[in-house]
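Below, chains carry the letters A, B, ... as their sequence lines are ordered, and counting in each starts from 1.
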Protein chains: 2
Amino acid sequence: MSLAYAILAFLAQEPARSGYDLAKQFAGSVGRFWQASHQQIYMELAHLREQGLVEVQVQPRDGQLEKKTYSLTPLGAEKLREWIGRPIEPSPFKDALMVKMYAGHLADPGEVLAEVRRHRARHIEWLSRLRERNRDMLCNTKLEQGQMFRYLTLRRGIRLEEEWVAWCDEVIALLQQP
Amino acid sequence: MSLAYAILAFLAQEPARSGYDLAKQFAGSVGRFWQASHQQIYMELAHLREQGLVEVQVQPRDGQLEKKTYSLTPLGAEKLREWIGRPIEPSPFKDALMVKMYAGHLADPGEVLAEVRRHRARHIEWLSRLRERNRDMLCNTKLEQGQMFRYLTLRRGIRLEEEWVAWCDEVIALLQQP
DNA sequence: TCTGCCATGTAAGTTGTTACATGATTAT
DNA sequence: ATAATCATGTAACAACTTACATGGCAGA
């Protein structure tokens with residue numbers, strides 16, 4: 001259900017995007033908040049089209065497969081606006097590392113510590129990339145209209161990664177002393 | 001796949017639990033890190049039993065439906081230990097509020113602000129409950145063996161909710177000034 | 001008597017993952 | 001040559017949700 005709205009949200013921000021473009025966005029920075037494989041995206045685009053929420057422009061390219069770019073229809077924009085206004089509960093999430101932690105005493109302490117260190121490194125990596133984007137966004141222009149909202153999602157990404165690193169540090173500190 | 005391990009992790013901590021007990025745990029505090037409906041749990045327990053990872057003790061109760069309690073088998077414990085030691089990537093997650101934020105400029109500003117305030121209230125609520133459990137855990141006993149690891153998952157829950165509240169505050173501050 | 005909790009499941013439908021399938025263009 | 005990127009899909013399978021189904025016991 002929500003994948004549909006995620007696609008509509010992307011198309012609202014930047015129209016005339018192909019399934020391939022969307023798949024890249026879902027795999028990139030935005031992918032920290034919503035993921036979808038290209039297979040899912042192509043299916044969903046076909047479905048959205050049937051419902052009249054997006055329209056497609058087929059661009060033939062000589063020799064190659066034709067490229068299809070999608071844009072919001074007025075109906076699609078309306079449905080999206082309606083969804084944004086509708087209250088929802090905070091999204092549940094699943095974290096396998098926490099399940100592992102819950103039964104961490106069963107495993108080798110060194111292995112658990114190593115796994116937490118690995119995760120910490122990964123989050124540090126993501127954090128530095130997000131901070132870069134944060135700098136870019138603040139330097140280039142004054143935040144207007146739509147940019148402001150995308151800036152706020154970026155802020156959340158940064159906070160989340162900072163939180164992860166802080167937790168990993170706490171775990172490492174506690175597990176290292178016997 | 002991971003639901004299986006989540007169930008094994010619960011049974012490792014406290015054996016002889018019924019599907020109903022597990023469903024309650026998944027719906028309760030632990031549910032912030034992993035969710036499963038009772039339907040899913042009953043199915044998965046049957047599957048785990050076929051594989052010989054859990055064993056069941058059927059307790060007849062006069063008049064009522066019999067109660068089935070499940071415990072880990074040695075094979076189940078081994079599989080769980082092996083899974084915990086196997087490195088994984090940080091779990092992806094999906095956050096519908098972030099998708100809404102991304103296209104927030106399309107909606108009524110008042111509605112967006114109200115939604116963020118609602119979410120903030122929810123997270124404050126969860127946070128206070130988690131902090132209570134934190135106090136209980138620290139006061140009652142010195143943390144030993146398995147408790148330590150469950151304490152660390154609780155710490156993560158608290159940090160996450162704090163992060164949520166801080167982000168909501170930032171959003172509210174930024175959206176209130178024109 | 002009615003609500004809520006205890007207790008267990010089946011079945012249909014939706015969503016998401018993995019595997020399979022193809023083929024041109026561009027950079028190393 | 002070989003790999004990576006562009007570009008689009010189908011099909012089988014696994015995971016998850018929603019609806020349906022049943023029935024006792026305890027307390028208001």
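Nucleotides of DNA chain C nearest to B:Met43 and B:Lys67 differ in position, and the one nearer the 5' end is that of B:Lys67. Mapped onto DNA chain C by nearest heavy atom, B:Lys94 and B:Tyr70 fall at different nucleotides, with B:Tyr70 at the one closer to the 5' end.
At least one donor-acceptor pair closer than 3.5 Å links the side chain of B:His119 to the backbone N or O of A:Ile88. Of the possible donor and acceptor atoms, none in the side chain of A:Ser18 sits under 3.5 Å from a partner among the backbone N and O of A:Lys67.
At least one test fails for A:Arg155 against the ring of B:Trp167: distance under 6.0 Å to the centre or angle within 45° of the axis. Relative to the ring axis of B:Trp164, B:Arg159 does not place its NZ or CZ within 45° and under 6.0 Å from the centre.
Taking atom CG of A:Leu45 as the reference point, atom P of C:dG16 lies 14 Å away to the nearest angstrom. The distance between atom CD of B:Glu44 and atom P of D:dA14, rounded to the nearest whole Å, is 12 Å. A:His47 places its NE2 atom 15 Å from the P atom of C:dG13, with the value rounded to the nearest Å. Going from atom CD of B:Glu66 over to atom C1' of C:dC6 covers 15 Å, rounded to whole Å. Atom P of nucleotide D:dT17 and atom CG of B:Leu3 are separated by 10 Å, given to the nearest angstrom. The distance from atom OH of B:Tyr42 to atom P of C:dT10 is 11 Å, rounded to the nearest whole Å.
Partner of B:Tyr102 under the ring pair (Phe, Tyr, Trp, His ring centres under 6.0 Å) criterion, chosen from A:Trp34, A:Tyr151, A:Phe10: A:Phe10.
A heavy atom lying under 4.0 Å from DNA chain C marks none of the residues of residues 7-19 of chain A. For DNA chain C, the residues of residues 20-41 of chain B within the heavy-atom distance limit of 4.0 Å (strictly under) are B:Tyr20, B:Lys24, B:His38, B:Gln39, sorted by number.
The salt bridge (Lys or Arg N to Asp or Glu O under 4.0 Å) test applied to A:Glu78 returns A:Arg81, not counting sequence neighbours.
Salt bridge status for A:Glu82 with A:Lys79: absent, with no side-chain N to carboxylate O gap under 4.0 Å. Between B:Asp95 and A:Arg32, no side-chain nitrogen of the basic residue sits less than 4.0 Å from a carboxylate oxygen of the acidic one, so the salt-bridge criterion is not met.
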